[in-house]
Structure formats: structure tokens, C-alpha cells
J.: 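First the structure, then my questions, so here it is.
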Amino acid sequence: MRTAQDLDVAGKRVLVRSDLNVPLEGGTVTDDGRIRASLPLLQDLLGRGARVVVAAHLGRPKGTPDPTYSLAPVAARLEELLGQPVRLAHDVVGESARDMVGELADGEVGLLENVRFEAGETSKDDTERGAFADRLASLADLYVDDAFGAVHRKHASVYDVAQRLPHASGPLVAKEVEVLKRLTQDPARPYAVVLGGSKVGDKLAVIEALLPHVDTLLVGGGMCFTFLKAQGHDVGSSLLEEDQVDRCRGFLESGKVVLPVDVVAATAFAADAAHDVVAADAIPADRMGLDIGPQSVTVFAEALAGAKTVFWNGPMGVFEMEPYAEGTRGVAEAVAGLDGALTVVGGGDSAAAVRALGIDEARFTHISTGGGASLEYLEGKDLPGLTVLES
Ligand code: ADP
Ligand code: MG
């Protein structure tokens, strides 16, 4: 895969696909991790005299302009972080975008509006996507993809545009691929995977793919209740995927799965709800498990001790609410504290949890910016955005 370093960019218009899909509240960015992560490539290109045109998506607008999903707050934050003006076009490939790009001088940067304001971006129809990609490609001489979080999508700004311009990967994509290769090709053992979070259905496919290759699989978060149910325990009103119970029972037969022994059980999904630590096999019918308990943290930490490779995806509890954050904190500390191990954190919310809990990101080998994309890579799926960069 060619990297941005290999491109001669001075005086060229470089279209950069960045992952700037950050959480917003009341028009301000609440976690700028992804914007910060995008800086090294932008600074490198600008420093080498490129005219940088950034394309990105935010949220899920329905293929038409929607002010709720404008990249304006992102442009403002990017401008602060870069310490230089960031022009913002009012459209993606229209007159405003063309004018903006035309006005860029060497070493200047502009941001196109949310690429998902155009139906062609995510269209399943190759012709419609291609037509949008043609217009996008006409804005630049070169294309660099630094949006690892989107490489599993066959979208115009990720896939089709790379077929139309000389292309390369940015440092985020290159680093992700390097780390994920180390997880999939002959990982140092013992290899432990920690899974949590709430997208239970999606993640069972990952378990299926990873289980044969790992030594230990620790399951917490909203995931664990379907497993506890598979062991025959009642889980009260906790998150449960009834139709996946049999599948989880099958995974348990591997003998590699470690489950929580206690959970923080609350009367409601709220920070101020009454809550107690209860045994994982005795969750009261009117309670929901919102975090793994302190004994589980000890059990998980012991299971992780000595691991040489760890992949962690998904918070252990509803870390956004203070009473249910300790499980995630405990497991994050256990992973971060491993000596000489390759430790990888994947998943948007997991990465946000590390930052929100104030754990130094440098204590992990790598924090992935792309949740779904890393999981699909580990599942062994073909990722269109990577395949096209390799061609
Ligand atoms: P990631 O983005 O890291 O892949 P997910 O998106 O799958 O993770 O899940 C993150 C969410 O899971 C968080 O918002 C967290 O509050 C939620 N979560 C964790 N544990 C539980 C639980 N026991 N019940 C409900 N939600 C949970
Ligand atoms: Mg998530």
C-alpha cells in the first residue's frame, strides 16, 4: 500500500478523506479525539505545500443537506487545533466547494460539507455513486484516505474516488492495518480478547471469528447477559438477545470464555437509580445489570495477567454514568498495566471511555479510531476501502 509519504504533493490539490465523525452537543464538539487524530497527516501535507481538501461525514443525514449534521463545529475545532484558517464549503461538490478549492493557496486547507449530504455517497447503485465520485475527484489531483473508521464502507468518498485519482493511505490507515495484521498473523501468546459494549448481535460474529485464535475471551458490558442466560441464569431486565442464547451456549463450550461473577444491578437505566452489587447468577427480576462488579474486575485482571496480546472492544458498563464506570476503569487499568504486551483498544465508545476516565492513551500500544472497521478486519472480511488502496 502506497502511503502519503510517497506522494509528491507540493502545489497539488490533495483530497483527504478524514474520520471527523465526533459527538456533538448543542453545536459543540464534546470529544475531539478523532479531530486530533487527523492532524498529523494534514500538518504533513500542508507543511509540504499541498492544497488540502478534506472530505468527511458526520452522523447519518439522509442524503440531503441537514443543518443538524453540518461540519461547521468540526471546522471550528479543526481550525483551533491546526492553528490556521480552515475554509468550510457550504456544499460537497457544488459551486461553493469548487470556489473554495479554487481559492486555496499552497499550504492552505478547506473542508467540504458533510459528504452524506449527497445521496451518491452511500448509494448502493454503482452509477449513482460513481457520478458523485466523479465530481468529488474533479476537485483534486491526488487522494489520501486517512479515515480508517470508514474503510469497511463501499462509499463514494472511500472507495469510488480512490479508483479515479492516484491514491495513498494516510498514517492512521497505515498504522491500523499494521496493528491489526499483528493481531491476526501469529499474535504473541497468551492472546486475550475483552469484549463489551451494547452491539451484541454485531459482536457475536466477531466472537465466532476470533474464538479459534484466542486463548481467553473475557465478556462484559451489555454482551455478558446473553451469555449468563445461556448458562441458565436469569438476568432481570438487563440487555438480552434472546435469539442468540443458543449461539452463546456454543461459544461457552470452547472453555475459553470468562464471564463476570458479579454485576452492578440498578432499578432503571439512570445514574440516580438505586443500585447494588449482586452475584451474576442472582440478578433480581426487576433489576438491570449496568456494569460488571468489583470481584469481576479482579477475575478479569487475573485472566489478563501475563497476556502478550490483548484486543479490547466495548466498555464493561454504562461508563457514561458515574455509578457504572468502575468496571470499565478497572479493566482499562488492567490492560494498560500489562508489561511488554501488544494492547489494542478498538471501538468508538471504548476509545471515548479511555479518554473520559482520564487514562493515559500512551499506556496502550494502539487506540483504534475505527470500531466497525477493525471488527470487520478481525472477522476476516474484505474491506472495500483497503482493497482499493492496495490496487
Ligand atoms: P464500541 O463503540 O466501543 O464498539 P458499543 O458501541 O458496542 O462499543 O457499546 C458502547 C455502549 O455500550 C456504551 O454507550 C455503554 O453505555 C453501553 N453499555 C455497556 N454496558 C452496558 C450494559 N450493561 N447495559 C447497557 N448498555 C451498556
Ligand atoms: Mg459504539
Side-chain angles (χ1 to χ4, degrees), residues 19 21-23 25 30-31 33-34 59-60 148-150 152 176 180 193-207 210 218-229 233 235-241 244 259-271 273 275-278 280 283 287-293 296-297 300 310-332 335 343-357 359 361 364 366-379:
D19 182 358
N21 190 23
V22 292
E25 251 167 54
T30 52
D31 177 12
R34 283 179 169 159
R60 295 182 176 224
F148 183 78
H152 58 317
E176 292 279 353
L180 290 171
V193 168
V194 189
L195 286 182
S198 55
K199 293 180 205 148
V200 183
D202 287 3
K203 293 186 185 185
L204 291 178
V206 182
I207 294 184
L210 285 180
L218 303 151
V219 183
M223 306 269 306
C224 69
F225 304 102
T226 308
F227 282 87
L228 290 170
K229 184 82 182 176
H233 308 310
V235 296
S237 52
S238 307
L239 205 63
L240 175 66
E241 303 243 342
Q244 301 290 343
L259 294 174
V261 292
D262 57 354
V263 304
V264 181
T267 52
F269 191 86
H275 56 273
D276 302 286
V277 176
V278 302
I283 302 174
R287 294 282 181 118
M288 59 177 74
L290 294 183
D291 193 12
I292 63 170
S296 304
V297 171
F300 281 20
V310 178
F311 174 70
W312 168 35
N313 168 269
M316 295 293 100
V318 184
F319 72 94
E320 299 92 335
M321 301 179 194
E322 199 243 37
Y324 318 115
E326 286 313 302
T328 304
R329 184 192 304 281
V331 168
V335 174
T343 54
V344 181
V345 182
D349 291 290
S350 312
V354 166
R355 287 190 290 271
L357 298 173
I359 298 162
E361 296 179 50
F364 301 93
H366 182 64
I367 299 193
S368 172
T369 48
S374 8
L375 294 178
E376 289 197 16
Y377 187 102
L378 292 177
E379 274 176 64

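For ligands, and for the atoms within them, numbers begin at 1 and follow the listed sequence.
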J.: Show the nearest heavy-atom pair for residues A268 and A273, with the distance to one decimal.
T.: O-CB, 3.5 Å
J.: For ligand 1, which atoms have a heavy atom of P315 less than 4.0 angstrom away?
T.: 3 (O), 8 (O), 10 (C), 19 (C)
J.: Taking the inter-plane angle between the rings of F364 and W312 on a 0 to 90° scale, is it parallel (under 30°), tilted (30 to 60°) or perpendicular (over 60°)?
T.: tilted
J.: Quick one: does any side-chain atom of T30 pair with a main-chain N or O of P23 as donor and acceptor, under 3.5 Å?
T.: yes
J.: Quick one: does ligand 1 sit under 4.0 Å from the side chain of L375, the backbone, both or neither, non-hydrogen atoms only?
T.: neither
J.: Answer with yes or no whether Y324 contacts ligand 1, where contact means a heavy atom under 4.0 Å from a ligand atom.
T.: no
J.: Taking only heavy atoms of G347 into account, list the atoms of ligand 1 that are under 4.0 Å away from them.
T.: 1 (P), 2 (O), 3 (O), 4 (O)
J.: Considering all heavy atoms of both residues, which atom of I367 and which atom of V354 are nearest to each other, and what is their separation?
T.: CD1-CG1, 4.0 Å
J.: Counting only heavy atoms from other residues, nucleotides and ligands, does the tally under 6.0 Å from CZ of R60 exceed 12?
T.: no
J.: Work out whether the distance between some heavy atom of K203 and some atom of ligand 1 is less than 4.0 Å.
T.: yes
J.: Could you tell me, atom by atom, which parts of ligand 1 come under 4.0 Å of a heavy atom of G289?
T.: 22 (C), 23 (N), 24 (N)
J.: Quick one: does ligand 1 sit under 4.0 Å from the side chain of E320, the backbone, both or neither, non-hydrogen atoms only?
T.: side chain
J.: Going by the order shown, which atoms of ligand 1 are within less than 4.0 Å of some heavy atom of F225?
T.: 23 (N)
J.: Out of all atoms in ligand 1, which are within 4.0 Å of some heavy atom of K199? Include the element for each.
T.: 6 (O), 7 (O)
J.: If you take all heavy atoms of L290 and A270, which pair is closest and at what distance?
T.: CD1-N, 4.5 Å
J.: What protein N/O/S atoms lie closer than 2.8 Å to the Mg ion (ligand 2)?
T.: D349 OD2
J.: Taking the minimum heavy-atom distance to atom 10 (C) of ligand 1, which of L195, I292, D349 ranks first?
T.: D349
J.: Does some side-chain heavy atom of E176 sit less than 4.5 Å from a side-chain heavy atom of Y377?
T.: no
J.: State whether the shortest distance between N or O atoms of S350 and N or O atoms of ligand 1 falls below 3.5 angstrom.
T.: yes
